[in-house]
Each structure stands twice: as structure tokens, then as C-alpha cells.
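Computed from heavy atoms alone, side chains included, the values below leave out hydrogens, waters and symmetry copies. Throughout, a chain's letter reflects where its sequence line sits, starting with A, and its residues are numbered from 1.
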Amino acid sequence: MNITQLPYIKDIYGFLGSDVMSGLVGLLIIAALVPLNVAALVLVERKVAGHIQLRPGPMEVGPHGILQTLIDAVKLLGKEMVTPGLTDKPLYWLSPIIVVAPAFVGFIPLPFSPLVQIKDVNVGFLLIFSFSSIGVISILMGGWASNNKYSLIGAVRSVAQNVAYEIPLLLSVMPIVMMTNTFKLGEIAQAQSGLWFIFYQPIAAIIFFIATTAETNRAPFDLVEGESELVSGFHTEYTGMRFSLFFLAEYTNMVIAAALFTTFFLGGWYGPVLPGAVWFFAKTYFLLFVVMWMRWTYPRIRFDQLMNFAWKVLIPIALVNLFITAIVLKVL
Amino acid sequence: MLTAGQKKLLVELKSSLAEAVPEGQISESDYAKKGYHLEVRLDKGGLRRVAQTMLDKRFMLETVTAVDFIDSFELVYLYATYYHQYCRVLTRIRIAKDAQPYSVSAIYPAAIWLEREVYDFFGIRFQEHPDLKRIINPDDADYFPLLKNFGKTKFTDQIDDILC
Amino acid sequence: MNTNPYGFNQYIKDILVGGKSLVVGLWITLKRLFTRIVTVQYPRQKLTMTANFRGHIEAIRFDDTKSHHCVACGLCARTCPSHVIKVQGEKTRAGDKKVGTRYYIDFSKCSLCGLCVDVCPEQTITFSKEYELVYYSRWDTVIDLMGRLEGSR
Amino acid sequence: MLNIKTIDDATINQRVYQLNLGPQHPSTHGVMHLLLTLDGEVVVKIEPIIGYSHRGHEKMAENRIYEQYLPNPARMDYLSGMIFNHGYCMAVEKLCGIEVPRRAEYIRVITSELNRIASHFIGTMDYAMGLGAITPFLWGWDDRENILDLLEMISGSRLTYSYGRFGGVRNDITKEFYDGTRKFIDRLRSRFWDYENLINQNVIFIKRSKEVGVISKEDALAFGVTGPTLRGSGVKYDVRKNEPYSAYPEFKFEIPTRKEGDCLARYQVRMAELEQSVNIIEQALDHLPPGPVRAKVPRFVTPPEGDCYVTFESARGAAGFYIVSDGTRVPYRIKVRAPSFSNLFVLTKICPGHFLADIVAIFGSIDVTVPEIDR
């Protein structure tokens, strides 16, 4: 239920109030807010990394380096977009675009607060996961097209990694869907008014968190652009704006992953006194801090261990968890 | 001030080396002044025989180097051990400028690189060496830098008479 | 989780011990997150060099002659490994010692080994505290110590 | 560890491709070029290509008198510059028969051990960074900064010290250095717990280092491997203990070794050596004898004709100077035995069969400095 679905809106605005327009307006808002959000996130990451490593992080631009990311964006805009020779031009040019597009679409079904939600798609759950898997194709295209052995290795690794972690991701969230028997994220969030689902499903929460970190190539699973092995993986040959598009997509996926965790396990917008959206963003940003925190603590997992961990640990545990939830729901 | 263990080891070494390389002169030298206990001076050959006995005595090939005495080269092989008391053996062999000694890389794999470096800087070609090519200098270099006549310019002559 | 087969409890123990070590790792980084920053923002704040710091060499101003004691003996020029020093001197009056007039060093080639400072019989050169040895052109690095002493050249 | 399938040459050149790890690569600790022949991600053959930072130290030695060669050793292994500097002075002193006063020997031990701690910090934390953990590297750098400040206090420079002179050291240690070292030792001891739990116990770190790059005792002997890399394989060889030189016989310290010989063992040996070095420094500071810091030595030494070989324990292994002198003031030939040179060559034997990520780990765990190899 969101603002546009209130009955009288349609007859006041007529065509303007229809679903299509609200979707468009929503997308415009996303297109405006998400890059700002990413800019803030990049700055927070560099500050957190700095303070963990006993250094202040960027301090030069603006008070306490606040405008650092904006200046970086301007610099990246100014930088020349070099296209190395012998690259597969169409794929090379298309890859950054395809990586960013699904990242924005992921915001539509997210229930920021009971009123603020672009469109409570009745298959919101599936929409986000299906669009997020498109990102992998673009990484493969980027890696293959830039005609560089390191990026090819990075791209091939990212495909295997995302395929291996898509399954535990979905399996760990199925118990939630079984408990609320709906795919609409709004209703899932609403069902947690009493007790948050993290207390019902702690194991599923941990698996979901690990799987999303691996899905967005972050922290101990950042094999795709492991700096110390593959120079910087699939986006080695990208410069200027194309490089920042990859960056944008990575951070947007991180935000979506954290937002999903809050809607599924941390009770979406429920919180004691503050309005819904504030609680939602507080939880999401805390989760993002945890992801950044993990990045600056752990070494990188080796590729075969990554696969063993997914297939031999996460998936069995997720299945067992699903099985137990099914029995418990049947019995209750 | 050799310890008992070292004395026993030196005696044992002398005997096995004498029977392995009869024509070489084996002399004991003062560790405090020279840094090595035993010096084996060869003239014709026998590098591989010495290397084999050293490996049997569990010595390590520490370094291989050459010294350019204007009319001839002197190859120096240094073996050290860490299993018994510490002991170091230096093997010295005088070879002509265009001689081609046998490589010990079959016995000590470490010698592959050590001998490549000696070739790279002195031009001494080792026979039966797996891949004798330059290791540090650029591959297409046609000079051997550590020879005494390499790089003799007016400037370096000037320095020599100032300093010495 | 590695390939060799082993009991189920080892499997669980692995996960639990591993999990604990991961959490302990997080706790350590959190602790460090709130400790004091140790870095110095270089262009904004500058560190003072210690007494023995070795910048490029400079002549000492003595109070008895209001200037240096260099007698242009050339020992430092001879002992310098990279031939960086050029000394010129002249004898003003017949009986006296020579007095150094020009003392050129090219500190881009100087390896700061301190041999010249040690070998100088008059102890007239020492290390300066200058560490920003950056110039736009190669020839700016050739400086005249005597000139810097009088502040003219 | 994967047992590499026996690939016959026919298929070898279809599926196998060559990858250049270096000379410009984030984790090659200097300009090192590893030419890898990969089958997928498994390494079939590895060939280190060296010579990028060759400056001809041994040729320089033949144009300079003994004193003028003093700055060179610190430029060979820049991470243990002090140790190499004292090593070169020891070699010339042995050649000329110069007697070094006890206080100078103690100062040499203190500064060498401080330099060893600083170098081990780089070795271990750079290894951790090779695996992807960037934070410990910067913590290591923070601790190393204290050592560099201490050494700058007495020697005047941070990396390429020319602090040793024939017959002792250039100047005496100050009170400030004495107290600074005491404070540094207590601070460092409190930090060991952090490193231990963040890295050594971390399950990802252990999984990445266990059974990776195992060097057996026979390989180590055949390839002439020395230093922490050798002690990781269970051989108790440390020149400070086996061939005691300078003032080391007067201190009590043990040689840490591990049996497994894999990357984790080498890492643990280096961390354990940190504690041993701290003990040595403490003992040396406790009984620091008074007296001169430099023996009476002529301004330009002229050693007698002959040759001599002196070995000492640098942070990477048993380094050595072989000096041939012809009685003049200019050495006839100086050969430097670089421990990294032999330690690096072991890679060609132990790397095939590992993954690309392991190569970076093994290369980091062997801890070589490139200028020392190229000399």
C-alpha cells in the first residue's frame, strides 16, 4: 500500500496518478538518490578503513574530507575513457551499462516505510534476485572483452562464484517466504511487527549475510578483483567514467543486499519511536558498516575453498534449516 | 679453537676428500683469519667428485664465484654445513680463460642459477648445464661485466691512480 | 572443509573454531578503530628531525672567523664514493693556510654516507636537517656551501 | 596441495598459457618478474626472471677503496641495511685483523636486531597483504616506524644506514635512544597479542597458508636455502647460533623452528623470531659495557694480500662477503652471497601444482628483496 494506491489519488490526477507514472517517478528518485548514497558510502568506507588502520582517511577536500568522493567523481568524469586495442568493442562498451541498470531496478520493491515504497510488486522477492544475477553477465562481458589475461581470470571466477552463491542465497530466504507465504516485500516487513524474523531464523540470517557478501564480491570473497593477485580483476582495463560505473554498481548492490537483510530479518521499518524510514536506513547502514568492517579484517579466500565453502557448508545447512522450518510450520 | 666434533669431522672430511680427489691438495686453514676450515686446491678437474662427497656429508653449496686474474680464472666453490658442528670448505680451481669446466648442477640444483650468474659475469661456459643463458644482464648483452678489462676507460684509470 | 575425509564432529568443530576466530578478529579491528591516529598530515603538520639526522652536508659557521674553517685540502673530494664534491681555495698571504672559496656539491648524487664529514681534518662540514631535497631542474641540485654560508650565492 | 596431472607435451601447449606476474605487479615486493605457465589456474611451470634492478655492486667494489664501499651494502638488502653494513665491516676487520671494542659490538647487536625486527615486520605483514588482509600491513608499518625513528636517532638515516665503520660504529648511542628502545620493547610486547589473534588464529589465514608451498629438508639442502625459510622446514640453522660472531655468544636466545615447512610455518617462525630479537635487545641494553665505540684504525685501511669469507645472519638468511684483496687499498674482488638468490630459486621446485593465488602466498612467505638478488 503506498501513496499512489490511495483511492482518491487516481481521480484527482487522472493519468498522472496511474501506476506507470508512479513507477517512473520512483525510478527518477532512485536515479537521483542512489549515486549520492554511493558517494556517501565510498567516503564512509575510506574513513572506516582509515581509522581501523590508525590513519584519518581523506581529510583534504572539504571539512574532514566530506567532499572527497564528489571530487573523485568529477575527476573520473574528466579522465579519458581509454579503450585498449584488440578489445571486443561492443561488449567492452556495453558491459558497464549492463552492470548498473539492474542495480537500480532492485530498489523498486524495497519497503522503506509503510507509505514510502515505489511499487509493492507482488513478486518483489523474485524481481530483485533475478535482476541481480544479470550483473554477472556484464562482469563476464567486461572481463572477456578487455583482452587482458588477468581480467579474464577474474571474470571466469566471478561467474563461478555468483552461481555457487545464488543457491544458498535463495535457500536461506525460502523459510521466510514459507512463514509469511507471500513474495511481496511490503507484507514480509509488515509480518515482523511482533518479533523480528532474525530470532526465528538466526541460521538463515547468517547464511544470507555470507551469501550476499559473496554475491556482491565483497570482503573475504573479493576474488574477482583481488588486488594482490589479479591486479584488479575484470575492471583492470576500464578507466574514467566506465570504471566509476562498475564502482557505482558494486556499492548499489551492497546497499540492496543490506536493505534486503533488514526487510527479511531485522523487521524492515519497525522501531520503537522514530518513523519507519529512519529505522530502515539505520539498520541498513549498520549492516553496511559491518560489511566494510569485515573487508578490512579478513584475508581473501582461495578460489577452491570458496567453492567448497558454498557447496559443502552453506547449501547443506540452508537445506537442513529449510527442512526444519517446514516441519515446525506443519506442526504448529 | 676447533671443538672436538669439528676435529673429528675435519679428519673424516680430509680422508674422504683425499680418496675422492687424490690429485687435489687439501690443507686446513685458520677459521679465525680466513672464514673457512678446509681448503681444497684442484688444478685439472674433480669439481663434481668434490661436490658429490660434500653432498654425501650433507653440506650445502653456499656460493659459486669466479675471480679474474688477468691471465686465468679462479673458480671458488664454498660448501657449508649446518647438520654437524659448523664447518666450511672452500674449493679452488685455476682454469684457463677459455676453459669449460663441468657443471655441478646435476648434484646441487642450486648450482644451476649460481653457475648461470658466473657465466653471465665472466663468460665461463659450464658443460652439461641444463640451460646456460644470462641471468641478470640483458639477454642480448655481448659483454661480460666483471672481467678486469671491461669498462676500462680514461676516467676509471684516473680514479685508480688517485686512490691506490 | 578441505578435501581429505574426516569425521562429522571435526566438520562442526572446524566451523565453530573458525567462527570464533573470525569474531575475535572483528573485535580486534573494532578496538583499533577507536585508538588514536598515529599518522602526521605531512604538508599541514611537519615533524622536527632528530639531532643526528643526515640531510645534505653544509658548512659550519665558526665564531672565531665568522665563517667556515675549510682549508680546501680536498680530502673530502677524494674520499667521496660518488665524486660529488668540488673544492677551490686560494692562499691570500704567503705564510698562511689556504682558505676555501668555492665548495660545490651535487647532492642529487650524494649517498649521505658521512665519509666526508668523518675525514675532514678541520671538522668544518656537517649534516644539515634538510630533507625536502626536491628541485625542478637537475642543475638546482648543485649548490655552493660557502655561498650558502654567506647567504649570497 | 594438488598433485599435478602428468601433462604430456602434446596437450601442454594447447591448454596452457603464459602469464607474466610482474615486473610491475602489486605483490612482487620489488621489481620481480615471475613467468608463470598456467593450465587454467594451476601453475605448470614458474620461471623467475631477475635483473631488473641490477646496479653492479660487485663491479663498483673494484673501483672504490674499502671505505668508499661502505654505503653499498645497505643498498643491496635495503630492509636489513644495518645488518649488511655491519657484515661488510666485519669482513674487512677480519681481513685486516682489527679488534672491535666490546661496546661497539653490543651496539652493533642492538642495531642489527632492531633492523631485523623492522625487516620481519615487512616480511610477515607483506605476506598477509598478499593474501588480501591490508590492515595488518599498516599496523606493522606503524610499529616499524618506531624502529626507524630510533635508528634515525643514532645513525641519522631511516633505511640506508652507513652507521658501521671499520673498528666499530660511527657515533655512540644517546640516552634518548636508550630510553626510546625500552619504551618500544614494552609497546611491542603488548602488540603481539593483536597480531597473534588477528592473523595467526584466523581461520581464513590458516586455510590459505596450511600445506601451501611445502619445502622439504632435502630440497632446502640441495637449493641452499637459509634463514627463516629454512627454519620453517625444521632445520635449526641460524648463523648467530651456529657460527657465533660479534657479541652474540654472550646472549641467551633460542632459534624458533617449525616442522611443516609450509607458508604458515614460515610465518610463525618469523613472528617467533621477533620475540627472540626483542629478548636479545633487552639483554644487550642491560649489560651495555662502557668504553670507546671505535678502535684506533688508520684513515684508509690496506689489508694484507689474501682472501676471506665472512657470513652473518641477515633477515633473509645466511648472507656473506667473500673478499679477495691484492694488498692495495682497492679490493680485487668482492662477492656477496645473497640469501634471497638461493631462496628464490626453490620456487621453481615447489610451485608447480599450486593455484595462482598460492603463488602470491608462497612468494610472499619466502620474503625476498629484489635488489639483493640482482646486486
Quick check on [X] against chain B: is it the side chain, the backbone, both or neither that has a heavy atom closer than 4.5 Å?
X	answer
D/Pro339	neither
D/Val235	side chain
D/Val310	neither
D/Glu47	side chain
D/Thr302	neither

Is it the backbone or the side chain of [X] that comes under 4.5 Å from a heavy atom of chain D, or both, or neither?
X	result
B/Arg134	neither
B/Pro109	both
B/Tyr108	both

Taking every non-hydrogen atom, the tightest pair across [X] and [Y]:
X	Y	result
D/Tyr237	B/Glu62	OH-OE2, 4.4 Å
B/Leu146	D/Glu62	CD2-OE2, 3.7 Å
D/Asp307	B/Arg92	OD2-NH2, 3.0 Å
B/Leu147	D/Lys59	O-NZ, 3.0 Å
B/Lys33	D/Cys308	O-CB, 3.8 Å

Study note, to complete from the structure: Between the OH atom in B/Tyr83 and the CG atom in D/Leu221, the distance rounded to the nearest 0.5 Å is 5.5 Å

**Study point:** Ion pair D/Arg333/B/Glu74, N-O distance below 4.0 Å
**Key:** no

**Study point:** Options B/Ile107, B/Leu78, B/Leu61, ranked by heavy-atom pairs under 4.5 Å with chain D, top entry
**Key:** B/Leu78

**Study point:** Validation row: D/Phe341, B/Leu114 side chains within 4.5 angstrom (heavy atoms)
**Key:** yes

Review point. Can you find a heavy atom in the side chain of D/Lys335 that is under 4.5 Å from one in the side chain of B/Val76?
Key: no

Contact winner vs chain B - [options], heavy-atom pairs under 4.5 Å:
options	value
D/Phe300, D/Tyr322, D/Phe223, D/Tyr309	D/Tyr309
D/Lys236, D/Arg337, D/Glu58	D/Arg337
D/Asp219, D/Ile49, D/Thr311	D/Thr311

Point to revise | side chain to side chain donor-acceptor pair (under 3.5 Å) partner of D/Glu243, the single match among B/Tyr82, B/Tyr86, B/Tyr31 | key: B/Tyr31

Is there any residue in [range] with a non-hydrogen atom under 4.5 Å from a non-hydrogen atom of chain D, and which ones are they?
range	result
residues 135-143 of chain B	B/Ile135, B/Ile136, B/Asn137
residues 10-29 of chain B	none
residues 120-133 of chain B	B/Phe121, B/Phe122, B/Lys133
residues 64-73 of chain B	B/Val64, B/Thr65, B/Ala66, B/Val67, B/Asp68, B/Phe69, B/Ile70

Review point. Is the number of heavy atoms from other residues, nucleotides or ligands within 6.0 Å of NZ (D/Lys349) greater than 12?
Key: no

